[in-house]
Amino acid sequence: MKIENLIHKATESALLDLYNFKIDENQIQVQNTRKDQEGDITIVVFPFLRFSKKSAEETGNEIGGYIVNRLQDVESFSVIKGFLNLKISNEYWIENLTSSYSNADYGVILPCEKSKLVMIEYSSPNTNKPLHLGHIRNNLLGYSISDILKANGNKVIKTNIVNDRGIHICKSMYAWQKWGEGKTPENSGMKGDHLVGEFYVEFDKKYKAEIAELIRKGLSKEEAESKAPSILAARELLLKWEAGDAETVNLWKKMNEWVYSGFDVTYKKLGVDFDKIYYESETYLVGKEEVLRGVREKIFIQKEDSSVWADLTSDGLDQKILLRSDGTSVYITQDIGTAKMRYNDYEIDKMVYVVGNEQNYHFQILAVLLDKLGFSWGKDLYHFSYGMVELPSGKMKSREGTVVDADDLVDEMIQVARDMSAELGKLESISKEDAEDTFRMIALGALKYFILKVDPRKNMMFNPSESIDFNGNTGPFIQYTYARIKSVLRKSAENNIIINKNVKINSLSSKEKDLLKRITLYPIAVKEAGENYSPAVIANYCYDLVKEFNQFYHEHSILSEPNEHQLNFRLMLSATVAEIIKKGMNLLGIEMPERM
RNA sequence: GCCUCGGUAGCUCAGUUGGAUAGAGCAACUGCCUUCUAAGCAGUAGGUCAUGGGUUCGAAUCCCGUCCGGGGUACCA
């Protein structure tokens, strides 16, 4: 049993025995002692004063004495200003080290029969343009939270809904038909998604010019926007597509294939993947059917113009349109269809949508609609709502080209890693292939850590020229510390030093103890990350651990330690730290290089 | 207007269910590579936790008001 829990219980019975008061368990505050104070674990005694009817000092002394007598691992105590600081035996911390050392499942709850099946939707790209920095945040969060939920004992299915139909695709299609001159990824050497994205931008340029022209001819802005030849042509393509026109559908398929092969490269580069992919073109009609079922079952209402609405005023929301008067579906209709298909395909206990916070209202409504339609997990679907990525220049707008392209960003960072490594004279002795792989790991480590270390709910600032650093609180710093530990372990192995689980040492330095304590916190960090859907918890934990390790590393020699027992202990401590930071970073999707 | 989220060092961010003297990194300045990898370590400087009130032993944290900012509130996706 964890020492915190034991102390909790002991405090409870102390209050009962000493003051005859049965306290509510969550009124006892047990926390780690501040670094600058003597002791390891602290109990806050203020809340007990009103029934001990004694001073804080006196109450603390009485409870402290009681606990020291009861718990073997609690060696001594001191009371300072209403805080009861307990000193825990070295044996306790070391015991925790030896049990976590080389334990592959340390901090992990393994799935079992009762495990919940969680489906996580993330990425959800449109097929008219390449992925950008905003998608990167989405993908990294989705992938990481999947692993974190797995580590918390859930079964997880990663899914992606590809928005592969609609007017935006038709815009790219029209532009390609009109100005494409037969350009393909093959004959242009361009990545498919970038090629299609180029035509999307091209469309917007022409469209804007046409609008300006029409306004000059005296049309109002609204009129011009709806009567520009380009948009009319794009709308016509959409109608043709919906009617199943062979030529249009073929073009649509062809261009989507280009985009998918481009996305595959980007996903692979980012190291994310999916267990099941849904396509909007296959779900939107299902959604429409579900809405019509809702009408038949009088869950929704159909107005005279035949548009369909959900009246959510009794849920504190507005009326929401589900089908337009011409019978076509809106954004939320396809989400209903996708939900229906997923519901048929899997026995989902919990559905998690990783989608930006601009859609909070959308998911609030979706939850209510799914519930009304009878999906058991609808009501408590979880919208993992993350904040936007902002640039110094403001918001990213793909149509205006003010985006940070995902592929470009990763490539640039790999180049920076390469340059930095050359400058520092690292990795000169290993093969070119291995070095390249390491640069890739470092670049992605930097990017992933930078994005995942911040609270997902908050907006974050990304300054392309300054943000990505390799020093300080960064992925590469953590990777570097790992590589150094690995180096020490390699050298000890070369000297035939074998780590022995039987630790015999007389005393611990404060740095050693800090590390030992920090190791006990890893399972708590994993749990908290799962409960809060926050990879940032893991990132910050890893950084603290690494920071602490570096201080220890700086103060203690390891390989030149003459005392055999000390050497054994320090190697085990180092190896355990390495394992934990690797586990933690892996939960963020970050790979750890053995050398750098 | 209404709903919603946020405001912590010059910049980017942490800050455990309310706890002790609010922490990191970057940028600036000072030291430390003959020593297990200096992508490191140690130190200096930098704060009215937007603001005004309230709750209490105790508030960056909880409640109310004000100011500033993001997002939403479409027969767009």
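Each chain gets a letter, A, B and so on, in the order its sequence line appears, and its residues count up from 1. As a basis for the values below, the full set of heavy atoms in this structure was taken, side chains included, without hydrogen atoms, waters or symmetry mates. Predicted model only: the values in this text are computed from it and were never measured.
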- [ ] Using the C1' atom as the reference point in each nucleotide, state the distance between B:G23 and B:U55 in Å, no decimals.
- [x] 27 Å
Task: Atom-to-atom span, CD1 of A:Ile365 to P of B:C76 - whole angstrom - done: 15 Å
Task: Closest non-hydrogen atom pair between A:Tyr482 and A:Glu594, with its separation - done: OH-OE2, 3.2 Å
TODO: Hey, could you give me the OG1/CD1 distance between A:Thr11 and A:Ile28, rounded to the nearest 0.5 Å?
DONE: 5.0 Å
Open item on the list: If I take atom CG from residue A:Leu323 and atom OG from residue A:Ser307, how far apart are they, to the nearest 0.5 angstrom?
Closed with: 8.5 Å
Open item on the list: Taking the ring of A:Tyr122 and the ring of A:Phe384, is the distance between their centroids below 6.0 Å?
Closed with: no
Open item on the list: Measuring only the P atom in each nucleotide, how far is B:U30 from B:U51? A whole number of Å is fine.
Closed with: 34 Å
Open item on the list: Output the rounded distance in Å from CZ (A:Phe363) to C1' (B:U4).
Closed with: 16 Å
Open item on the list: Between A:Tyr200 and A:Phe203 (judged by ring centroids, cut-off 6.0 Å), do the two rings come close enough to count as a pair?
Closed with: no
Open item on the list: For A:Glu564, is the CD atom crowded, meaning more than 12 foreign heavy atoms sit under 6.0 Å from it?
Closed with: no
- [ ] Could you note down all residue pairs passing side-chain hydrogen bond (donor to acceptor under 3.5 Å, both in side chains) where residues 535-550 of chain A supplies at least one of them, sequence neighbours left out?
- [x] A:Lys35-A:Glu548, A:Thr481-A:Asn550, A:Arg484-A:Asn550, A:Arg518-A:Glu548
Task: Separation of atom CD in A:Gln31 from atom C1' in B:U17, rounded to whole Å - done: 11 Å
Task: Atom pair CG/CG of A:Leu545 and A:Leu515 - distance to nearest 0.5 Å - done: 6.5 Å
TODO: Check the distance between B:U17's P and A:Ile43's CD1 and give it to me in whole angstrom.
DONE: 19 Å
- [ ] Measure from CG on A:Asn463 to P on B:C13 and round the result to the nearest Å.
- [x] 11 Å
- [ ] Would you indicate which nucleotide in B:G6, B:A77, B:A20 comes nearest to any side-chain atom of A:Lys458?
- [x] B:G6
Open item on the list: Checking one value: the base orientation of B:C33, syn if chi is within 90 degrees of 0, otherwise anti.
Closed with: syn
Task: Rounded distance (nearest 0.5 Å) linking atom CZ of A:Phe83 with atom OG1 of A:Thr33 - done: 10.5 Å
Task: Same-atom distance (P) from B:U73 to B:U8, integer angstrom - done: 27 Å
Open item on the list: Taking B:U16 as the reference, what is the distance to B:G53 when you measure between their C1' atoms (whole Å, please)?
Closed with: 28 Å
- [ ] Tell me what A:Asp335 touches on the nucleic acid: a base, only sugar-phosphate, or nothing, going by heavy atoms under 4.0 Å.
- [x] nothing
- [ ] Determine whether A:Phe77 and A:Ile63 make a side-chain contact, defined as any pair of heavy atoms from C-beta on separated by less than 4.5 Å.
- [x] no
Check the interface with nucleotides 21-23 of chain B: list each N/O to N/O pair with the protein under 3.5 Å, or write none.
| residue | atom | partner | partner atom | Å |
| --- | --- | --- | --- | --- |
| B:U21 | OP1 | A:Lys81 | NZ | 3.4 |
| B:U21 | O2' | A:Arg34 | NH2 | 3.4 |

- [ ] Any chance you could list the contact pattern along nucleotides 35-47 of chain B? Use B for base contacts, S for sugar-phosphate-only contacts and - for none, protein heavy atoms under 4.0 Å, 5' to 3'.
- [x] -BBSBSSS-----
Open item on the list: Side chain of A:His168, heavy atoms from C-beta onward: which of B:U12, B:C13, B:A77 has the nearest atom to it?
Closed with: B:A77
- [ ] Could you measure between the two P atoms, the one in B:U48 and the one in B:G10, and give it in whole Å?
- [x] 8 Å
If you restrict it to nitrogen or oxygen atoms, what contacts under 3.5 Å exist between nucleotides 69-75 of chain B and the protein, and what is each distance?
| residue | atom | partner | partner atom | Å |
| --- | --- | --- | --- | --- |
| B:G70 | O2' | A:Asn459 | ND2 | 3.2 |
| B:C75 | O3' | A:Arg324 | NE | 3.3 |
| B:C75 | O2 | A:Ser325 | N | 3.2 |
| B:C75 | O2 | A:Ser325 | OG | 3.3 |
| B:C75 | N3 | A:Ser325 | OG | 3.1 |
| B:C75 | N4 | A:Asp305 | OD2 | 2.3 |

TODO: Identify whether any heavy atom of A:Ser467 sits under 4.0 Å from a base atom; if not, whether one sits that close to sugar-phosphate; answer base, sugar-phosphate or nothing.
DONE: nothing
TODO: Find out whether the Lys NZ or Arg CZ of A:Arg137 is both under 6.0 angstrom from the six-membered ring centre of A:Tyr386 and within 45° of the ring's axis.
DONE: no
- [ ] Name all residues meeting the ring pair (Phe, Tyr, Trp, His ring centres under 6.0 Å) criterion together with A:His554; count only those two or more places apart in sequence or in a different chain, and write none if there are none.
- [x] none
Task: Sub-6.0 Å ring centroid separation between A:Tyr19 and A:Phe48 - done: no
Task: Length of the line joining A:Asn128:CG and B:A77:C1', which is rounded to integer Å - done: 10 Å
- [ ] Can you tell me the distance, in whole Å, between the CG atom of A:Asn532 and the P atom of B:A14?
- [x] 13 Å
- [ ] Nearest whole angstrom, please: distance from the P of B:A24 to the CD1 of A:Ile478.
- [x] 16 Å
Task: Separation of the P atoms in B:A9 and B:A24, to the nearest angstrom - done: 15 Å
TODO: Name the residue closer to the 5' end of RNA chain B, choosing between A:Asn163 and A:Phe83 according to the nucleotide with the nearest heavy atom.
DONE: A:Phe83
Open item on the list: Taking only the P atom of each, what is the distance from B:G19 to B:G58 in whole angstrom?
Closed with: 14 Å
Task: Listed partners of A:Glu528 passing side-chain contact (heavy atoms from CB on, under 4.5 Å), at least two apart - done: A:Asn532, A:Val537
Open item on the list: Among residues at least two apart in sequence or on other chains, which ones pass salt bridge (Lys or Arg N to Asp or Glu O under 4.0 Å) with A:Lys486?
Closed with: none
Open item on the list: With no hydrogens and no angle check, just 3.5 Å: does a side-chain donor-acceptor pair link A:Asn360 and A:Ser385?
Closed with: yes
Open item on the list: According to side-chain contact (heavy atoms from CB on, under 4.5 Å), who are the partners of A:Asn256, at least two apart in sequence or on a separate chain?
Closed with: A:Thr127, A:Asp164, A:Ile169, A:Trp252, A:Tyr260
- [ ] Go through the structure and list residues passing ring pair (Phe, Tyr, Trp, His ring centres under 6.0 Å) with A:Tyr449, not counting sequence neighbours.
- [x] none
Task: N or O in side chain of A:Lys453 less than 4.0 angstrom from B:G25 OP1/OP2 - done: no
Open item on the list: With no hydrogens and no angle check, just 3.5 Å: does a side-chain donor-acceptor pair link A:Asn163 and A:Tyr331?
Closed with: no
Task: Inter-nucleotide C1' distance (B:U56, B:A39), Å rounded - done: 48 Å
Task: Side chains of A:Asn459 and A:Asn357 in contact at under 4.5 Å (non-hydrogen atoms) - done: yes
Open item on the list: I'd like to compare against my own output: the B/S/- annotation of nucleotides 54-63 of chain B with a strict under-4.0 Å heavy-atom distance to protein.
Closed with: ---B------
Task: Stretch residues 536-545 of chain A: residues that reach within less than 4.0 Å of RNA chain B through a heavy atom - done: A:Asn540, A:Tyr543
Task: Base-pairing string, 5' to 3', of RNA chain B - Watson-Crick or wobble, under 3.5 Å, | interstrand - done: (((((((..((((.....[...)))).(((((.......))))).....(((((..]....))))))))))))....
Open item on the list: As an exercise, state the distance from CG of A:Leu391 to CE of A:Met461, rounded to the nearest 0.5 Å.
Closed with: 8.0 Å
